[in-house]
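We use all heavy atoms of the structure for the numbers below, so side chains are in, but hydrogens, waters and symmetry mates are not. Counting convention: from 1, in listed order, for ligands and their atoms alike.
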Amino acid sequence: MKKILITGGAGFIGSHVVRRFVNTYSNYQIVNLDKLTYAGNLENLRDVEQAPSYKFVKGDIVDAEFINKLFTDENFDAVIHLAAESHVDRSIANPIEFVMTNVVGTVNLLNAARNSWKGDYDKKRFYHVSTDEVYGTLGEGTEMFTEQTAYDPHSPYSASKASSDHFVRAYHDTYGMDCVISNCSNNYGSFHFPEKLIPLSINNIKNNKPIPIYGKGENIRDWLWVEDHARAIDVIFHKAKTGSTYNIGGHNEWTNIDLIRTLCKVMDKKLGRPEGTSAQLITFVTDRAGHDLRYAIDATKLKNDLGWEPSLQFEEGLEKTVDWYLANEEWLNNVTSGNYQHYYEDQYQNR
Ligand code: NAD
Ligand code: DAU
């Protein structure tokens, strides 16, 4: 019997990780700790919330006293840490929130784990889920990020994630804590909050609203289906050596404009609109400040060491994703009402 704390389990990737662990390992107890910010939604977990091995705890990782008490009460064997502020544009508008959650929150968890495990890391593990954005940006060539690429973050978000990665490594090197880190590329799929490029565009196309493309749309991202990420986390959690780092990616690079043109075609087909209708909504807007040009992940180490590879072709994954959003209108309407609307109206007026 293992008791695992999953942080940020009500968010996009976290909900897929919780679902996978609850459905795959009925002998584990899964505790999902989430503050339920605008990005966290318990509706993402309706299908597993009744499972006897699952428990939800509402709380803030920035609150050290609360976190220490939770570790004392629950006596966790392992942590899979996903809770974070995750949107680059919000980090540009409000960096301090990112320092608090992503840096201070991570160190609070490391401290609580250290106090709880008291130097005995046998069968204990702290798994930190991070991003490829810590590596900075690539040029237009064929170079990729490997686990040896030097950190060079540019946005407040990526700087906060880089800092948290350094703290996790420091706890491994200084205290001998069993820590592992993975750095993943851009995820897409169901339950993705519609402030990020793909779900925002799906929602806007559906509602006949402009699709904002930053700059000329020439920035390149490497897209991975979220369930493939959750499977990679499962494999790394169970098999990685202590102190190791793995890059996770889709070998699937797209310029933003090509991706959105492809999405527009899928949406025209699904909505029964004449081809070319949705593409008319593409609107070029002011570029993101400090916008990284290109991310590309070399996931060879993960394939060679642990046998993981992406399972889904992007075109198939994109269709599945569109189908999910069109079939889950209520979810989309719920998460796009209230504070979310106001945030976006203000942001676009200020551009
Ligand atoms: P998300 O924004 O969808 O979810 C984050 C979750 O964390 C939400 O449920 C939120 O309520 C919770 N949370 C935020 N602040 C908290 C706090 N102070 N205390 C407790 N809970 C809090 O994020 P996501 O896209 O699912 O990303 C999850 C993790 O994966 C993050 O660490 C992110 O950096 C990393 N990551 C994301 C991507 C991606 O493409 N989305 C890629 C690589 C890595
Ligand atoms: O690479 C992994 C990262 O991917 C994660 O660590 C982050 O948490 C996640 O948000 C994502 O970051 P990006 O900034 O790459 O994702 P986003 O969806 O915000 O933007 C993708 C690209 O699309 C980027 O080049 C900016 C651009 N963009 C984004 C939005 C929201 C637009 O052109 N228009 C938009 O409206």
Side-chain angles (χ1 to χ4, degrees), residues 6-18 32-42 44-45 57-63 66-67 80-92 97-98 100-102 104-106 108-109 128-135 137 145 155 157-158 160-161 164-165 182-189 191-201 204 210-224 226 229-230 233 248-249 254-257 259-260 282-288 291-297 335 344 347-348:
I6 299 183
T7 70
F12 166 47
I13 301 170
S15 62
H16 285 279
V17 174
V18 167
N32 170 18
L33 167 67
D34 200 295
K35 183 180 172 184
L36 300 183
T37 67
Y38 76 95
N41 189 343
L42 289 179
N44 299 358
L45 289 164
V57 176
K58 185 170 190 283
D60 187 343
I61 58 170
V62 177
D63 182 346
F66 163 78
I67 293 297
I80 304 179
H81 175 37
L82 296 107
E85 287 292 336
S86 70
H87 191 38
V88 173
D89 294 333
R90 287 182 191 251
S91 81
I92 295 167
E97 219 175 315
F98 285 67
M100 295 313 291
T101 289
N102 299 0
V104 177
T106 301
N108 281 341
L109 289 165
H128 179 58
V129 175
S130 192
T131 172
D132 60 358
E133 301 205 9
V134 299
Y135 297 124
T137 188
F145 297 135
S155 72
Y157 163 69
S158 54
S160 69
K161 291 296 291 187
S164 64
D165 291 12
S182 58
N183 298 84
C184 188
S185 63
N186 286 61
N187 286 215
Y188 71 97
F191 301 110
H192 201 183
F193 193 81
E195 65 183 350
K196 308 282 172 72
L197 181 66
I198 291 180
L200 174 85
S201 302
N204 285 14
I211 309 167
I213 300 293
Y214 299 165
K216 294 180 180 160
E218 287 166 352
N219 302 68
I220 294 169
R221 296 291 181 266
D222 167 10
W223 294 92
L224 178 70
V226 62
H229 187 188
I233 289 173
I248 310 171
W254 289 76
T255 62
N256 293 335
I257 188 66
L259 187 159
I260 292 305
I282 293 174
T283 308
F284 293 96
V285 300
T286 311
D287 208 351
R288 173 183 279 173
H291 197 171
D292 287 333
L293 177 66
R294 175 173 166 251
Y295 303 145
I297 280 279
V335 299
Y344 269 89
Q347 199 196 31
Y348 288 122

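Counting heavy atoms closer than 4.0 Å to ligand 1, residue Y157 contributes side-chain atoms (C-beta onward) but none from N, CA, C or O. Only the backbone of N186 comes within 4.0 Å of ligand 1, counting heavy atoms alone; no side-chain atom from C-beta on gets that close. The parts of K196 lying near ligand 2 are both backbone and side chain, judged by heavy-atom distances below 4.0 Å. Of all the heavy atoms of M100, none lies under 4.0 Å from any atom of ligand 1, so neither backbone nor side chain is involved. Only the backbone of S185 comes within 4.0 Å of ligand 2, judged by heavy-atom distances. With a heavy-atom cut-off of 4.0 Å, R221 touches ligand 2 through its side chain alone.
Of the polar atoms of E85, none of the N or O atoms is found under 3.5 Å from an N or O of ligand 1, judged by distance alone. When only interatomic distances are considered, the shortest N/O to N/O separation between G11 and ligand 1 falls below 3.5 Å. Every N/O-N/O distance between L200 and ligand 2 stays at or above 3.5 Å. For ligand 2, the polar-atom distance check against H291 finds a nitrogen or oxygen pair separated by under 3.5 Å. Residue-to-ligand polar distances keep D89 apart from ligand 2: every N/O pair is separated by 3.5 Å or more.
Considering all non-hydrogen atoms of both residues, V335 and N41 come closest at CG1-ND2, 3.1 Å.
A side-chain donor-acceptor contact under 3.5 Å links Y38 and R90. Looking at S86 and K161, their side chains never bring a donor and an acceptor atom within 3.5 Å of each other.
When R288, E133, K161 are checked for heavy-atom proximity to atom 20 (O) of ligand 2, R288 turns out nearest. Here the shortest heavy-atom distance to atom 12 (C) of ligand 1, taken over L197, L109, D34, belongs to D34. Evaluated by nearest non-hydrogen atom to atom 17 (P) of ligand 2, the leading choice among I211, L197, N219 is L197. Closest heavy-atom approach to atom 2 (C) of ligand 2 among the candidates D132, I220, I213: D132. The nearest non-hydrogen atom to atom 4 (O) of ligand 2, considering only N186, N256, L259, I13, comes from N186. Among Y214, F193, W254, the residue whose heavy atom sits closest to atom 35 (C) of ligand 2 is Y214.
Residue contact annotation: G9 has no non-hydrogen atom under 4.0 Å from ligand 1. For the pair V129 and ligand 1, a heavy-atom separation below 4.0 Å is found. Heavy-atom distances between G105 and ligand 1 stay at or above 4.0 Å for every pair.
Salt bridge present: R288 and D89 bring a charged side-chain N and a carboxylate O closer than 4.0 Å.
Using bins of under 30°, 30° to 60° and over 60° for the plane-to-plane angle, the ring pair F12/H192 lands in the parallel bin.
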